[in-house]
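Remember, it's a predicted structure, so these values are computed and weren't measured experimentally. Numbers here are sequence positions counted from 1.
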Amino acid sequence: MERQQLLAAIKGRMTEKRYIHTIGVMETAIQLAQQYGEDPKMAETAAIIHDIAKFADVAWMKDVVKEQKLDERLLDWDAEILHGPVGAWIAQTEFNIEHEEILNAIRYHTTGRVHMTPFEKIIYVADMIEPNRKFDGVERLRELAKEDLQTAFIACVTHTLSFLVESRQAIYPLSIECFNSIVREEQQQ
């Protein structure tokens, strides 16, 4: 599916603000893919679809988790966590996307996971630093993304977990596993 078809398909499923965010993620992901030797067309597709389930009904998403036999841990979480895995399922079933890296980039764009590929990291980072994001520290993350993808990814994961800890929000297990793998990799270097 081409860019305009994908954008038309997602626009009615999200707020105008989220649609603008999606455009920002798409542009950022394409730029990062070009910079770091990944496929910009794949980045465009993953970025456009990454939030397809963001505003889906939580009960419906939990039904999808059960019916599709996705990770049962998802059932204890809300839309912030559910929309990634369910979005990947929608990408596969509605948009006929079969490329595993695109599906994984959508699936893990919020939580991260152990051993993310550079492509998955691009979508994770692009989601955090796209031009419409406004939070303390985002400019530093944008600068890091210009210099080194891995450094930017680590900083984005660390920023997210720090925010969750400081605001006393529960952390999804995959995010903790992702952080632990980053720390262990750093210790082995």
Side-chain angles (χ1 to χ4, degrees), residues 1-14 18-56 61 64 68 70-71 74 80-133 138 141-157 160 172 174-175 177-178 181-182 185:
M1 213 179 249
E2 293 302 314
R3 176 189 297 191
Q4 291 310 320
Q5 290 174 296
L6 285 173
L7 289 172
I10 63 141
K11 190 169 186 179
R13 299 170 92 153
M14 56 185 61
R18 183 57 51 173
Y19 182 74
I20 291 168
H21 160 75
T22 297
I23 299 292
V25 175
M26 176 191 75
E27 292 169 349
T28 304
I30 291 170
Q31 184 266 317
L32 290 174
Q34 290 169 337
Q35 181 178 350
Y36 292 111
E38 296 293 327
D39 186 329
K41 185 68 180 163
M42 282 176 45
E44 176 185 281
T45 300
I48 291 173
I49 299 180
H50 84 284
D51 273 346
I52 189 79
K54 184 80 174 180
F55 297 98
M61 288 195 282
V64 170
Q68 299 305 312
L70 303 181
D71 188 339
L74 290 165
E80 285 303 313
I81 298 298
L82 288 167
H83 81 276
V86 174
W89 177 77
I90 291 171
Q92 191 170 24
T93 57
E94 262 186 59
F95 294 88
N96 299 315
I97 293 171
E98 295 295 333
H99 198 289
E100 199 59 30
E101 272 206 303
I102 293 176
L103 296 175
N104 281 338
I106 296 168
R107 187 174 290 123
Y108 301 112
H109 79 272
T110 300
T111 61
R113 69 171 178 145
V114 175
H115 304 308
M116 289 180 81
T117 67
F119 181 80
E120 292 170 31
K121 291 174 185 174
I122 283 171
I123 301 304
Y124 186 98
V125 171
D127 186 36
M128 240 180 124
I129 67 167
E130 62 92 5
N132 301 293
R133 292 281 197 195
V138 71
L141 297 176
R142 289 180 181 133
E143 288 304 312
L144 290 173
K146 291 177 186 170
E147 298 166 10
D148 183 74
L149 178 61
Q150 181 66 12
T151 303
F153 173 69
I154 292 169
C156 286
V157 170
T160 298
Y172 188 65
L174 278 186
S175 300
E177 292 169 13
C178 177
S181 73
I182 289 169
E185 286 173 16

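- Annotation for A53 and I90: closest pair CB-CD1, 3.9 Å, computed over non-hydrogen atoms.
- Contact between C178 and V157 at its shortest, heavy atoms only, is SG-CG2, 4.1 Å.
- Checked against ring-ring contact (aromatic ring centres under 6.0 Å, His included), Y172 has the following partners two or more places apart in sequence or in another chain: W77.
- To the nearest 0.5 Å, atoms CG (D71) and CD1 (I81) are separated by 11.0 Å.
- Atoms OG1 and NE2, from T117 and H115 in turn, are 12.5 Å apart once rounded to the nearest 0.5 Å.
- Using a 4.5 Å cut-off on side-chain heavy atoms (C-beta onward), Q68 and Q92 make no contact.
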Walk me through it: do I52 and F95 pass the test side chain to side chain contact (heavy atoms under 4.5 Å, CB included)?
-> CA-CA 11 Å; I52 189 79; F95 294 88; 4.1 Å; yes
Given D51 and R13, is the salt bridge (charged side-chain N to carboxylate O under 4.0 Å, His left out) satisfied, shown in steps?
-> CA-CA 9 Å; D51 273 346; R13 299 170 92 153; over 6 Å; no
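- Of all non-hydrogen atoms in L82 and P85, the two that sit nearest each other are O-CD, 3.3 Å.
- T111 places no side-chain N or O within 3.5 Å of a backbone atom of S175 that could act as its donor or acceptor partner.
- Atoms CG and CD, on L103 and E98 in that order, are 7.0 Å from each other to the nearest 0.5 Å.
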Quick one: do M116 and H109 satisfy side chain to side chain contact (heavy atoms under 4.5 Å, CB included)? Show the steps, please.
-> CA-CA 10 Å; M116 289 180 81; H109 79 272; over 6 Å; no
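- Side-chain atoms of H50 come within 3.5 Å of backbone atoms of A47 as a donor-acceptor pair (strictly under, hydrogens ignored).
- Nearest heavy atoms, I106 versus A91: CD1-CB, 3.8 Å.
- Minimum interatomic distance between A145 and L32 (heavy atoms only, all atoms of both residues): O-CD2, 3.9 Å.
- Residues F119 and N104 fail the side-chain proximity criterion, which asks for heavy atoms closer than 4.5 Å.
- When atom types are taken as modelled, the side chain of R113 and the backbone of L174 share no donor-acceptor pair closer than 3.5 angstrom.
- For the pair E2 and K41, the minimum side-chain heavy-atom distance is below 4.5 Å.
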Derivation and outcome, side chain to side chain contact (heavy atoms under 4.5 Å, CB included), residues I129 and R133 = CA-CA 6 Å; I129 67 167; R133 292 281 197 195; over 6 Å; no
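- Of the possible donor and acceptor atoms, one in the side chain of Q35 sits under 3.5 Å from a partner among the backbone N and O of K146.
- When all heavy atoms are compared, the tightest approach of A105 to A46 is CB-CB, 4.3 Å.
- Side chain of E130 to main chain of N132: a donor-acceptor pair is present (N/O by atom type, distance under 3.5 Å, no hydrogens or angles).
- Side-chain N or O atoms of Y36 include one that pairs as donor or acceptor with a backbone N or O of D148 at under 3.5 Å.
- Side-chain contact between L7 and I23: present, with at least one pair of heavy atoms (C-beta onward) separated by less than 4.5 Å.
- Rounding to the nearest 0.5 angstrom, the gap separating the CD1 atom in I122 from the CG atom in L149 is 5.5 Å.
- I123 contributes atom CD1, which lies 11.5 Å from atom CE of M26 (distance to the nearest 0.5 angstrom).
- K121 contributes atom NZ, which lies 15.0 Å from atom OH of Y108 (distance to the nearest 0.5 angstrom).
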